[in-house]
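What follows is a single structure, written as structure tokens, with notes after it.
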Amino acid sequence: MRTYEKYWRDSASLIVLARNSDNERDHDGYNYKVLVFKRTENTSFLPNHVVFPGGSFDPQDDSSDWLRFFSRQTLTSEALQTVTTVSGPRPYIFRRMDGDQLDRNISVRLCALRECFEELGVLLVADKYTQTGYSKAKTDFDVHSWQTDVHEGRKTFRELYEQLQEIPDLWGLYEWSTWITPTHFRRKRFETAFFLAALNKVCPVLPENYEVQEYMWESPRNLLSEHAEGNLWLAPPQSYELQRLSHVLDIDVIVQMARARKHCGTTTFCPVAFNAADGFIGVLPGDDLYPEHFDFITDNAEMNKYGELTMNELASRVQNHHRVEHSGLHQQTFLHNGPSLDAHLHVLGSNAPLSKL
């Protein structure tokens, strides 16, 4: 049993970017799009939300069969160490426990790759000869049959790579962020590791019918605008990650940054809620209201302490801000006046003025 298993489940999500055709810039200046999909009403978690592909960790993601497969593919221990060697803050989801068959930096990536394939039919494979920083989507096989068999458990995800004689692109999945569902969501909580992968072109998508209502390739700004207008619904982690992507127009700059910080580690984000007279805020690490030595389990006893103050009044009482102010399902304001954490993109784009959605 993993530490904190009784409080939350492990999951992984994949932010897939793809370069526009001919590197063309859209009307906002982006030369790339982000792959997201809208969950159906059937899904037990975040129904009708627009999300990145992802889902719960599965025992097959930690199977020792993967090690034997890697050996048959003549993957050296040195090659795998480039994935497993990480310094800086390490969230619980990446910490190896007794009984784990694989290094968690590998198995959690396999989870993200598998979920992306099960939900959207996108299979990412490594380039065996060059390390460009970009991943490749494999399409020349019976995607639908394999997607159905893996999703329904008739075949394993590893068997697909073995059949195709391809290697899962562990190296092109850049550690991006880790979010834990806030403590007041007692019934269903997750610790989710987000990774980023970049493609040099938009790939075909085959949505799985039960979980996926529709999928979209859109720029970060378009997705945020559609959310603000009430046309789609982004959960706070998706909104935050799209917000910091929205400040970078060039996919090559994002890949360069992701490659440069891949060994910097990740500070866990678990928003701590405070009610205000005109909404509520979720504070994040670095904010003066963020609890010291927060254990990600204990409820915030001071959640209603500032309930008579407006969000602006509450912000004026502290010096260091790292928070999201919520004045409705589709209205958020991001405040962060400190440096970005872990050499990452800043949610305001280099301490710019407050960014409103």
Side-chain angles (χ1 to χ4, degrees), residues 1-15 45 52 54-67 69-70 75 77-116 157-158 168-183 185-186 188-197 237 240-241 258-259 261-272 284-286 290-299 322 340-344:
M1 180 176 178
R2 292 187 62 77
T3 304
Y4 301 109
E5 188 173 324
K6 67 179 181 179
Y7 298 105
W8 61 66
R9 297 170 63 186
D10 289 342
S11 67
S13 190
L14 186 53
I15 306 170
F45 187 68
F52 308 119
S56 296
F57 194 85
D58 188 271
Q60 66 171 298
D61 304 325
D62 186 46
S63 171
S64 58
D65 289 338
W66 281 107
L67 295 177
F69 170 67
F70 294 152
L75 269 181
S77 59
E78 289 78 13
L80 292 175
Q81 282 175 2
T82 63
V83 178
T84 61
T85 303
V86 186
S87 56
R90 304 310 294 139
Y92 291 117
I93 193 170
F94 289 113
R95 297 182 187 179
R96 192 164 188 168
M97 303 288 180
D98 291 341
D100 289 343
Q101 302 298 308
L102 305 179
D103 187 289
R104 294 287 288 186
N105 294 287
I106 293 175
S107 60
V108 179
R109 280 175 168 81
L110 290 172
C111 175
L113 289 167
R114 177 182 52 76
E115 286 288 340
C116 186
F157 193 46
R158 176 195 52 79
D169 194 5
L170 306 173
W171 302 266
L173 263 63
Y174 301 107
E175 188 175 319
W176 191 258
S177 61
T178 296
W179 291 76
I180 297 179
T181 311
T183 58
F185 289 88
R186 295 181 182 87
K188 203 157 194 177
R189 298 184 66 204
F190 291 89
E191 180 177 10
T192 303
F194 287 77
F195 299 93
L196 180 134
Y240 187 101
E241 300 304 347
R259 296 182 80 177
R261 69 162 299 277
K262 67 179 182 178
H263 296 304
C264 293
T266 296
T267 297
T268 303
F269 284 2
C270 181
V272 175
L284 295 167
Y290 200 76
E292 190 175 5
H293 308 303
F294 183 39
D295 61 6
F296 310 118
I297 297 171
T298 306
D299 286 336
H322 188 197
S340 62
L341 302 177
D342 313 319
H344 214 310

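Here, residue 1 is the first one in the sequence, and each next residue gets the next number.
Each of Asp61, Thr84, Asp62, Asp10 was checked for a side-chain hydrogen bond (donor to acceptor under 3.5 Å, both in side chains) with Arg104, and the lone residue meeting it is Asp10.
With sequence neighbours excluded, the residues satisfying ring pair (Phe, Tyr, Trp, His ring centres under 6.0 Å) with Phe70 are Trp66. Arg109 is linked by a salt bridge (charged side-chain N to carboxylate O under 4.0 Å, His left out) to nothing, counting only residues two or more places apart in sequence or in another chain. Residues satisfying the side-chain hydrogen bond (donor to acceptor under 3.5 Å, both in side chains) test with Ser11, not counting sequence neighbours, are Thr192. For Glu191, there are no salt bridge (charged side-chain N to carboxylate O under 4.0 Å, His left out) partners two or more places apart in sequence or in a different chain. For Thr268, there are no side-chain hydrogen bond (donor to acceptor under 3.5 Å, both in side chains) partners, not counting sequence neighbours. Judged as a side-chain hydrogen bond (donor to acceptor under 3.5 Å, both in side chains), and not counting sequence neighbours, the contacts of Asp100 are Arg2. The ring pair (Phe, Tyr, Trp, His ring centres under 6.0 Å) check on Phe94 picks up nothing, with sequence neighbours excluded. Partners of Ser56 under the side-chain hydrogen bond (donor to acceptor under 3.5 Å, both in side chains) rule, at least two apart in sequence or in another chain, are Arg9. Every residue two or more places apart in sequence or in another chain was checked for a salt bridge (charged side-chain N to carboxylate O under 4.0 Å, His left out) with Glu115, and none qualifies. Qualifying ring pair (Phe, Tyr, Trp, His ring centres under 6.0 Å) partners for Phe52, counting only residues two or more places apart in sequence or in other chains: none. Partners of Tyr290 under the ring pair (Phe, Tyr, Trp, His ring centres under 6.0 Å) rule, at least two apart in sequence or in another chain, are Phe294.
Inter-residue side-chain proximity for Thr178 and Tyr92 is flagged as unmet; no heavy-atom pair is nearer than 4.5 Å. Thr82 places a side-chain heavy atom less than 4.5 Å from the side chain of Trp171. Side-chain contact between Leu173 and Val83 is absent, with no heavy-atom pair separated by less than 4.5 Å. For the pair Lys188/Thr181, no side-chain contact is recorded, criterion being any heavy-atom separation below 4.5 Å from C-beta on.
Minimum heavy-atom separation, Gly265 to Asp342: O-CB, 3.5 Å. Between Pro182 and Pro271 the shortest heavy-atom distance is CB-O, 3.5 Å. Thr266 and Arg261 get closest at one heavy-atom pair: OG1-NH2, 4.0 Å. Scanning both residues, Thr183 and Ile297, for their nearest heavy atoms gives CG2-O, 3.6 Å. Smallest separation of non-hydrogen atoms from His322 and Phe269: CE1-CZ, 3.7 Å.
One distance of note links SG of Cys111 with CD1 of Ile93; it measures 7.5 Å at 0.5 Å rounding. Put simply, SG on Cys270 and CZ on Arg189 are 5.0 Å apart, with the number rounded to the nearest 0.5 Å. In this structure, Ser177 OG and Leu341 CG are separated by 11.5 Å, a value rounded to the nearest 0.5 Å.
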Side chain to side chain contact (heavy atoms under 4.5 Å, CB included) between Asp103 and Gln81, intermediate numbers included: CA-CA 10 Å; Asp103 187 289; Gln81 282 175 2; over 6 Å; no
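Between Asp58 and Arg114 there is no salt bridge, since none of the side-chain N atoms of the basic residue sits less than 4.0 Å from a carboxylate O of the acidic one.
Within the structure, salt bridge (Lys or Arg N to Asp or Glu O under 4.0 Å) pairs that include any residue of residues 168-180 comprise Arg90-Glu175 (at least two apart or interchain).
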